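Values in this document were obtained by computation on a predicted structure and should not be read as measured data. The sequence lines fix the lettering, A, B, ..., with proteins before strands; numbering per chain opens at 1.
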2 protein chains.
Amino acid sequence: MGSKITLKDLARILNVSISTVSKALNDNPEISIETRAKIKELAESYGYVPNNIAQSLKSKSTKTIGVIIPAILLEFFSKVLYGIEIEATKRGYKIIICLSNELQQKESESIDTFINGSVDGIILSVAEETQKTKNHTHFLKSEKYNLPMVMFDRVAKDISCDKVTVDDFEGAYEATQFLHELDSKNIIFINPISNISVGESREEGYVKAIEDLSLEPLVLKVEHYNQIEKELTKILNNQKVDAILAADEYSAILAINVARLNGYNVPDDISVIGFTNGLMAEHSIPSLTVVSQHAENIGRTSVEILLDRIQGKLPEQPVHKVVKTNIIERNSTKKR
Amino acid sequence: MGSKITLKDLARILNVSISTVSKALNDNPEISIETRAKIKELAESYGYVPNNIAQSLKSKSTKTIGVIIPAILLEFFSKVLYGIEIEATKRGYKIIICLSNELQQKESESIDTFINGSVDGIILSVAEETQKTKNHTHFLKSEKYNLPMVMFDRVAKDISCDKVTVDDFEGAYEATQFLHELDSKNIIFINPISNISVGESREEGYVKAIEDLSLEPLVLKVEHYNQIEKELTKILNNQKVDAILAADEYSAILAINVARLNGYNVPDDISVIGFTNGLMAEHSIPSLTVVSQHAENIGRTSVEILLDRIQGKLPEQPVHKVVKTNIIERNSTKKR
DNA sequence: GTGAAAGCGCTAACAT
DNA sequence: ATGTTAGCGCTTTCAC
């Protein structure tokens, strides 16, 4: 009980006007100190809380950000979400989450739930299906409805909006070089995510590095993780491999396991690097050297750009920020 | 551009009243079929979308649920969140997320952001700090402001509200029995989380089952995951072990690795079961048999209860639902 | 069949 | 220093 006391109620109780109460509670100097005090006290005693919906309607600002992510069970996205939440809260914004579950349909619906005034801007990462179909018409609504939008990590090239990405090409390039500096000459690239853009970029970075080093590229593409044990074992038995670069974290962990089961010592015989700095990387045996994408940082940066855009602090031209990857050295690679 | 066309705008364009437009768009039979068609067409062509904030103010319903979780980087909570999102979306609700980061202060602030009318109800899991201090006064606001609240997993006993929990004791008990039915006689319990309540309950369930089966309990408590390899190897070398029950997912994965590295075949020589059905469990080699807490189910159930409560479908008395755990059989346990 | 008017709860320009 | 009024965008009762 006791719920939902309004300005009107307070005004009636004190026999003053609604606007007096409103001004008093907002510390408007137009109202006398005593009246302000009296009104505040009453409001306090009744546990008055201003109705946020009414304020939003009036101010045309919801102080809310809409976030659309393809999946929350991928640790990368939880981490980005973490960064988003921290930064949004810090700047006084709430976040509404929608999951596209990698489906274009759900992604489009999510955008629809956001263009009705319930958020001040959108942060999203493109669904896998959308990346395949390349049908980006639903993203145009952002512009049509004047709703600022920031895309992170998986972005749509043909959509003009602020973007935050990771330099996957560069990350893979550097990781390959890193392995080469450890005296590895036979570096294999395992790619279970070749169907999404980041997987592609990583592969390209690897291939380029291999070429620049005048080595032989060796790419193992798989559709499912469960193929890795068999396929990799086959390769290990047929050719010399002294380093593995994996396009994501699981495949790196699996690679370590497979190598060990085949009698190789990691890192003495084979060095392993994976993409994404997750929990598994930290806890595997041996712990995994990774290319960290700084997921949390991506989240924070996306919020910064979005809010700066909303607050008109950015040039008209879309901003594209590339978050640098870096290598976190652990025990799956030889020490230099 | 083109943004924010309102009923008023449409009305002016067609030279009809606002209410006519509103009724037409809502298919009110008061309005003639032709007018309805004409208005709808115009609305469509202008890309009219009703303002959700205004609708909420009018209807006093936001169709939004506030969710407060202690951490998003714990996979359990991401999974619950996943379940919450799926079910909420299914029932036409949006979700706003706040993270307490295990802090009472942030938890309390999060509740404050929800009692201002921006959500129709709250779903939360109690922050670790709050569990320690046992200061639950901030939870009373839910009742004071008539805001339905559902607590899941970590609940506050002295707060009267709907609750959804997991039976960890029972889960461990059944897992132990399960291993015994596989002819295991020397079942070890690995507990890296003995300091938190769920870790305790699981250990108690294991011990009780072992007693009921007249077996010898063998508990390995560790402070950090990195102790598991060494400690478990020592045990494996000194005594017979034919089954392992691990209090969480990661320790189970490590246990499999350690067993394999010591020359044991999993599951032929040693069966392994872990708590929590996460991604690692699915992808490890061999895949891990787990006690699933049905995190997703917990999330869905919480939403169901909350919305049923909001819609007045529940008895006045708070509801407490215990979600049963169950065993998901994979390849780390012998086939029956 | 259509429109006028009130009101959701709040803010703020404009009286007094 | 306080009150009146209008209005955010929408729904809905009540008149015409």
Look at the side-chain N and O atoms of B/T35 and state whether any lies under 4.0 Å from the OP1 or OP2 oxygen of C/dT2. yes

Pick the closest DNA chain C nucleotide for B/N15 and for A/T20 by heavy atoms, then say which residue is nearer the 5' end. B/N15

Nearest-Å distance for atom pair CD1/C1', residues A/I39 and D/dG3: 12 Å

Do you know which of B/I122, B/I96, B/L306 makes side chain to side chain contact (heavy atoms under 4.5 Å, CB included) with B/I65? B/L306

Is A/D9 salt-bridged to A/K4, going by a charged N under 4.0 Å from an acidic O? no

Salt-bridged, A/D162 to A/K321, with N to O below 4.0 Å? no

Do NZ/NE/NH1/NH2 and the carboxylate oxygens of B/D112 and B/K141 come within less than 4.0 Å? yes

Ion pair A/R309/A/D120, N-O distance below 4.0 Å: no

If the cut-off is 4.0 Å, is A/S32 near the phosphate of D/dA1, judged by side-chain N/O to OP1 or OP2? no

Would A/T133 and A/E129 count as having a side-chain donor-acceptor pair, cut-off 3.5 Å? no

Contact list (N/O, under 3.5 angstrom) for nucleotides 13-16 of chain D vs protein:
residue: D/dT13; atom: O4; partner: B/K23; partner atom: NZ; Å: 3.2

Intermediate values then yes/no, salt bridge (charged side-chain N to carboxylate O under 4.0 Å, His left out), B/E102 and B/K132: CA-CA 10 Å; B/E102 306 286 12; B/K132 279 189 200 144; over 6 Å; no

Whole angstrom is fine here: how far is it from CG in A/L10 over to P in D/dT2? 16 Å

When the distance from CZ of A/R12 to P of D/dG3 is rounded to whole Å, what number comes out? 15 Å

Collect all protein-nucleotide pairs involving nucleotides 7-10 of chain C in which both atoms are nitrogen or oxygen and the distance is under 3.5 Å.
residue: C/dG7; atom: N2; partner: B/K58; partner atom: NZ; Å: 2.9
residue: C/dG7; atom: N3; partner: B/K58; partner atom: NZ; Å: 3.4
residue: C/dC8; atom: OP2; partner: A/K8; partner atom: NZ; Å: 3.4
residue: C/dC8; atom: O3'; partner: B/K60; partner atom: NZ; Å: 3.2
residue: C/dG9; atom: OP1; partner: B/K60; partner atom: NZ; Å: 2.3
residue: C/dC10; atom: OP1; partner: A/Y48; partner atom: OH; Å: 2.5
residue: C/dC10; atom: OP1; partner: A/N51; partner atom: N; Å: 3.1
residue: C/dC10; atom: OP2; partner: A/L7; partner atom: N; Å: 2.7

Could you state the CD1-P distance from A/I31 to C/dT11, rounded to the nearest angstrom? 13 Å

Looking at every non-hydrogen atom in both residues, tell me the closest pair between A/S108 and A/H138 and how far apart they are. OG-CB, 3.5 Å

Whether B/K38 and B/E34 form a salt bridge (side-chain N of Lys/Arg under 4.0 Å from carboxylate O of Asp/Glu) is what I want to check. no

Using atom CG of A/N116 as one end and atom C1' of D/dC8 as the other, report the distance to the nearest whole Å. 16 Å

Distance check needed: D/dG9 C1' versus B/L25 CG, whole Å only. 13 Å

